[in-house]
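Notes to accompany the following structure.
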Amino acid sequence: FVHTLPSQWAAGVEAGWHWMLVFFFAYLVMLGAQIGMAKLLINRVKLFETKYPRELLVLFAMHNAGYIPIPIVAALAPAAVSVYMSFYLMTYVLLFFSVAVWILRGAAADAHGSEGQHGRPSFRLNAPTVGILVGLLLAITGVYDAFPDWVKLPFRWASLIALDGIMVVL
């Protein structure tokens, strides 16, 4: 993402920066729909009764299939669409490493009979979140382009195999 975003950013802005916000909020709407459907199924359908409703909710609502369309979009769609899709997935990752953690911590507290974190979801700053935000900042500001080639080379190699690795794991 960081490696290719600078070259795609101009196309995304030219096509309409508002689409980045649309894709960002589209994930929030999708997440809300998935959580609503999951709660309905978990609470109303006997087949989905479980001792682990919070864990099942996270599995329903925040599955890891968002990465699957990236290689298809990158190969077939204009560069701007890759930027927009990145904003959709960025929302997923930011929420996964914050809200999903909050849900699962509450589930762990339930399992141990302690109070846990049953209050409002909180956005947690953690290593994946910091990495995403720093990468986005480096890519958007163009600072990444100023790095010497010997610094960028390992990132280029990692970016070439990372998506394939994700697909193998999924």
Side-chain angles (χ1 to χ4, degrees), residues 1-13 15-39 42 52-74 77 79-109 116-145 147 155-156 158-170:
F1 175 72
V2 173
H3 195 71
T4 58
L5 184 65
S7 63
Q8 298 168 342
W9 184 258
V13 170
W17 66 267
H18 63 281
W19 285 107
M20 294 176 209
L21 292 175
V22 167
F23 275 77
F24 185 87
F25 287 108
Y27 180 76
L28 295 177
V29 170
M30 180 66 80
L31 178 63
Q34 289 174 189
I35 286 175
M37 186 172 30
K39 282 188 164 214
I42 292 168
Y52 308 102
R54 289 175 147 228
E55 291 90 339
L56 192 57
L57 177 68
V58 171
L59 287 172
F60 264 110
M62 303 190 89
H63 52 79
N64 203 10
Y67 297 103
I68 292 173
I70 293 177
I72 299 166
V73 168
V81 176
S82 293
V83 172
Y84 302 148
M85 188 68 156
S86 297
F87 272 82
Y88 183 90
L89 292 174
M90 187 182 350
T91 312
Y92 158 74
V93 174
L94 289 172
L95 288 174
F96 182 79
F97 285 108
S98 59
V99 175
V101 169
W102 169 78
I103 292 171
L104 293 175
R105 281 190 178 160
Q117 298 176 343
H118 295 284
R120 289 190 342 230
S122 59
F123 184 79
R124 294 199 173 272
L125 199 58
N126 50 41
T129 305
V130 170
I132 290 167
L133 297 176
V134 168
L136 183 62
L137 185 65
L138 289 174
I140 290 174
T141 61
V143 171
Y144 181 76
D145 290 336
F147 286 179
F155 291 108
R156 180 180 303 277
S159 70
L160 291 173
I161 64 167
L163 201 52
D164 295 333
I166 289 170
M167 298 303 287
V168 169
V169 170
L170 291 177

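Since we're looking at a predicted model, the values are computed, not measured.
Rounded to the nearest 0.5 Å, atoms CG (Leu28) and OG1 (Thr91) are 6.0 Å apart. To the nearest 0.5 Å, atom CG of residue Leu31 and atom OH of residue Tyr92 are 10.5 Å apart. The distance from the CG atom of Leu59 to the CD atom of Gln34 is 12.0 Å, given to the nearest 0.5 Å. Note that the CZ atom of Phe60 and the CD atom of Glu55 stand 13.5 Å from one another [nearest 0.5 Å]. The distance from atom CZ of Phe147 to atom CG of Leu138, rounded to the nearest 0.5 Å, is 5.0 Å.
Not counting sequence neighbours, the partners of Leu137 by the side-chain contact (heavy atoms from CB on, under 4.5 Å) test are Thr141. Looking at residues two or more places apart in sequence or on another chain, you find a side-chain contact (heavy atoms from CB on, under 4.5 Å) between Met37 and Leu41. Listed by chain and number, the residues in a side-chain contact (heavy atoms from CB on, under 4.5 Å) with Val22 are Trp19 (sequence neighbours excluded).
Closest non-hydrogen pair, Leu57 versus Ile35, comes out as CD1-O, 3.8 Å.
For an aromatic pair to be called close, the ring centres must be under 6.0 Å apart, and Tyr88 with Tyr27 satisfies this.
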